[in-house]
J.: 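This is the structure, below, for whatever I ask next.
Just so it is clear, the structure is predicted and the values come from calculations on it, not from any experiment.
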Amino acid sequence: MISPINVDFVRTPVTLKIVAFFFLSITFFYFGYHWFDGFNQLTFFSDSQSPNPFVTLSPNYNKSFNIPALIDHHPPPVAAAPHPIAPPVAAVTDSIVPPVAAAAVNDSIAPPVAAVNDSAVPPVAAVNNSVVPPVAAAASDSIVKFGIVNENGSMSDEFEVGDMNVSDWVNETNKVGGSSASDYAKSVIKKFEVCPLSMSEYIPCLDNVDAIRKLKSTEKGERFERHCPEKGGGLNCLVPSPKGYRTPIIWPRSRDEVWYNNVPHTRLVEDKGGQNWITRDNDKFKFPGGGTQFIHGADEYLDHISRIIPGITFGQHIRVVLDVGCGVASFGAYLLSRNVLTMSVAPKDVHENQIQFALERGVPAMAAAFATRRLLYPSQAFDLMHCSRCRINWTRDDGILLLEVNRMLRAGGYFVWAAQPVYKHGEVLREQWEEMLNLTTRLCWKFLKKDGYIAIWQKPFDNSCYINREAGTKPPLCDSSDDPDNVWYVDLKACISRLPENGNRANVTRWPARLQSPPNRLQSIKMDAFMSRNELFKAESKYWDAIIDNYVSFLDWKKLTLRNVMDMRAGFGGFAAALINQNLSSWVMNVVPVSGPNTLPVIYDRGLIGAMHDWCEAFDTYPRTYDLLHAANLLSVERKRCSLSSIMLEMDRILRPGGRAYIRDSLEIMEELQEIGKAMGWHVTLRDTAEGPYARYRVLVCDKNQLVNQSFEEYRKIQVQVSLPCKGEEVVNAGTICLLIPAIKNSPR
């Protein structure tokens with residue numbers, strides 16, 4: 001019988017060599033796997049074009065690590081102190097300030113430098129995103145110097161780092177308990193109904209009836225100020241649209257007409273129809289462009305102001321304006337065509353829908369009141385401030401309200417007052433006019449001219465007039481310790497805010513040059529980087545220019561309806577400036593969170609607008625008022641202070657149906673954000689950033705569903721999920737989702 005195997009073939013030398021090599025490979029792999037398991041070593045290869053290629057060992061060479069602890073974000077002490085994994089530039093990519101400064105500020109601005117040097121951090125460095133305590137970083141001998149990439153793309157060490165109080169340092173990676181998975185806090189996604197239809201125009205901090213009822217006094221307008229619900233009593237449902245809500249009319253048509261069902265209120269038509277404010281035409285409201293003092297139209301009124309004072313050059317020296325008691329914001333609406341950005345403000349009073357009409361038209365606006373607290377805008381913010389029959393008694397309490405105007409008015413800026421005391425001559429009105437003249441004289445304002453029903457003053461350029469006043473003249477200058485840019489829940493002060501004398505005056509260039517020029521006040525921002533600030537400013541601008549260019553090219557932003565835009569963590573305003581550079585027909589509300597440095601003065605000096613805000617509370621705007629919400633590196637910071645679900649619910653409240661949110665943040669919170677977004681009925685898509693799939697950041701693109709033609713009964717059938725705390729290891733009911741979320745210890749606020 002012939003064997004099926006060719007024995008001669010097996011005995012050939014080549015075959016024997018292959019078999020021997022195979023068994024030797026298996027043997028070496030076995031011994032290597034079991035005997036050298038604890039020999040930790042990674043080899044890094046440089047892919048740069050350096051003429052001297054090199055190979056280096058990992059700094060973790062011959063170290064042991066607790067893998068579960070690393071996954072739980074508990075870096076062992078032995079790994080924190082040695083040589084840094086990445087060069088100093090890697091730290092710059094995580095913050096707008098240099099590495100040590102970033103540790104001190106803790107809530108620094110979005111990473112502009114990352115776009116300049118995408119290859120600075122190797123993939124391994126991206127895994128370990130914990131914050132190294134500043135003491136260990138300072139003691140490391142391996143770091144010779146820090147640097148920042150300048151406008152030429154080269155490393156520069158010409159900057160200073162401010163003092164840091166180590167006692168205030170909080171290790172952001174600390175969690176409650178040990179490093180095991182059982183030490184995680186649990187959060188359950190529980191179903192919630194949509195709010196009642198009566199809440200379709202709900203503003204949590206302005207409609208808190210219980211808090212307003214408890215006020216000791218309301219005679220100074222206290223009821224129109226912020227009174228937010230207590231912790232745990234905030235919004236816990238989705239605010240519905242009114243019955244018959246329709247997709248808003250797009251700009252520029254929206255300047256002249258909006259859908260009636262979107263703002264179904266006729267009070268202003270009844271009260272102001274004869275003054276050419278607003279009329280109703282079947283299913284639309286129409287805006288002829290008039291006002292109480294300019295019934296013949298805003299354009300003619302603006303021309304009149306320029307004729308009175310030729311120095312008021314709209315769109316050049318006059319770029320940022322505040323319109324007090326704005327009505328339906330026709331003054332600001334018509335200034336837009338003159339390259340002037342106007343913040344239109346009014347309280348939620350008997351004409352409570354003024355701001356809602358303004359935003360529905362696509363005009364910048366915000367609910368605000370001159371009462372007992374400072375408005376949420378910085379000092380020397382506005383080139384011109386306007387009050388046309390705004391119903392404010394400027395001379396009450398020795399002029400404390402006009403002192404607030406003086407604080408916000410730029411040095412050399414103009415105050416335009418159109419009111420009955422200017423042109424009527426009754427005894428009471430004449431007394432009011434004399435009181436106004438007396439007060440403005442004591443404020444060192446220069447009375448320029450009165451023409452018809454308009455009077456115009458100009459604020460001084462420096463403090464010389466204040467200093468040379470007679471002794472005892474009131475109101476006095478504010479104490480030098482007063483910070484005129486400190487505005488969050490700060491009471492009005494009966495004193496004159498000093499103008500800076502250190503060279504950081506708010507003098508700015510003409511528009512549009514001021515948009516790209518680092519302003520003088522950049523040097524006065526309370527940050528830990530000093531000499532490098534101009535580079536930081538330019539780096540942020542380049543960073544957002546590149547990103548917005550990608551959004552426009554690949555996500556078809558020019559095809560989207562982007563009129564009312566909010567940047568929820570604005571930094572220096574680079575995002576808004578990039579939109580202007582793309583010629584998009586949008587305006588941006590630049591919000592500066594209280595949890596970070598106050599960069600609002602820089603934003604206004606650039607010719608942009610914005611406000612201070614705490615995202616653990618509700619924003620002072622109506623529901624459904626923004627087309628796009630942009631949040632870069634915000635939620636990972638704010639979750640240390642309040643729940644992500646509360647912030648996301650607030651985003652849903654102010655976002656229009658069909659609107660979009662872009663959340664650019666760290667990868668570690670994206671799973672939770674996706675679950676909350678889906679629970680609110682949003683369509684969410686997670687995208688990589690330009691840094692690639694190994695970057696620490698992702699972009700969550702969220703689309704809010706239309707849901708505009710459903711009745712309230714249909715709304716109530718929709719059950720929405722929002723995260724709430726679980727109780728221990730309880731079994732979660734069917735239909736709920738449980739998330740593992742690290743519990744944060746030693747929250748900074």
J.: Is it the case that the ring center of Phe619 lies less than 6.0 angstrom away from the ring center of His613?
T.: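 His613 vs Phe619: aromatic centres under 6.0 Å.
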
J.: Looking at residues at least two apart in the chain, or sitting in another chain, which of them share a side-chain contact (heavy atoms from CB on, under 4.5 Å) with Leu560?
T.: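 Once residues adjacent in sequence are excluded, the partners of Leu560 under the side-chain contact (heavy atoms from CB on, under 4.5 Å) criterion are Trp557, Leu562, Arg660.
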
J.: Report the residues that fulfil ring pair (Phe, Tyr, Trp, His ring centres under 6.0 Å) with Phe370, sequence neighbours left out, ordered by chain and then residue number.
T.: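 Ring pair (Phe, Tyr, Trp, His ring centres under 6.0 Å) check on Phe370 returns Trp394.
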
J.: Please answer whether the main-chain N or O of Phe537 pairs with a side-chain N or O of Ser541 as donor and acceptor at a distance below 3.5 Å.
T.: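 Pair found, side chain donor or acceptor close to backbone of Phe537.
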
J.: Any non-hydrogen side-chain atom of Ser379 less than 4.5 Å from a side-chain atom of Arg521?
T.: yes

J.: Quick one: do the His227 and Asn208 side chains pair a donor with an acceptor below 3.5 Å?
T.: no

J.: Any salt bridge between Asp491 and Arg374, counting N to O under 4.0 Å?
T.: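 No salt bridge links Asp491 with Arg374.
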
J.: I would like to know whether Val701 and Arg687 meet side chain to side chain contact (heavy atoms under 4.5 Å, CB included); could you show each step before the answer?
T.: CA-CA 7 Å; Val701 180; Arg687 295 178 178 269; 3.8 Å; yes

J.: In plain terms, say whether Asp383 and Arg319 are close enough for a salt bridge, that is, a side-chain N and a carboxylate O under 4.0 Å apart.
T.: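 Salt bridge flag = no for Arg319 with Asp383.
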
J.: Please check if the distance between the ring centroids of Trp587 and Tyr626 is under 6.0 Å.
T.: yes

J.: List the steps, then state whether side chain to side chain donor-acceptor pair (under 3.5 Å) holds for His265 with Glu201.
T.: CA-CA 11 Å; His265 299 281; Glu201 295 172 357; 2.5 Å; yes

J.: Does the distance from a Lys or Arg side-chain N to an Asp or Glu carboxylate O, for Asp479 and Arg498, drop under 4.0 Å?
T.: no

J.: Out of Arg653, Arg226, Lys348, which residue meets the salt bridge (Lys or Arg N to Asp or Glu O under 4.0 Å) rule with Asp620?
T.: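 Output: one option passes, namely Arg226.
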
J.: For residues Ser636 and Asp665, is any side-chain donor paired with an opposing acceptor at under 3.5 Å?
T.: yes

J.: Side-chain contact test, heavy atoms from C-beta onward, threshold under 4.5 Å: evaluate it for Met566 versus Ile654 and give yes or no.
T.: yes

J.: Would you check if the side chain of Arg223 reaches a backbone N or O of Thr218 as a donor-acceptor pair within less than 3.5 Å?
T.: yes

J.: Relative to each other, are the rings of His386 and Phe331 parallel, tilted or perpendicular (30° and 60° limits)?
T.: parallel

J.: Any non-hydrogen side-chain atom of Arg624 less than 4.5 Å from a side-chain atom of Glu360?
T.: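 No, their side chains stay 4.5 Å or more apart.
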
J.: Just so I know, are the side chains of Cys702 and Leu700 near enough to count as touching, which here means a heavy-atom distance under 4.5 Å?
T.: yes

J.: Whether the side chain of Trp615 engages the backbone of Glu650 through a donor-acceptor N/O pair (distance < 3.5 Å, no angle test) should be reported.
T.: no

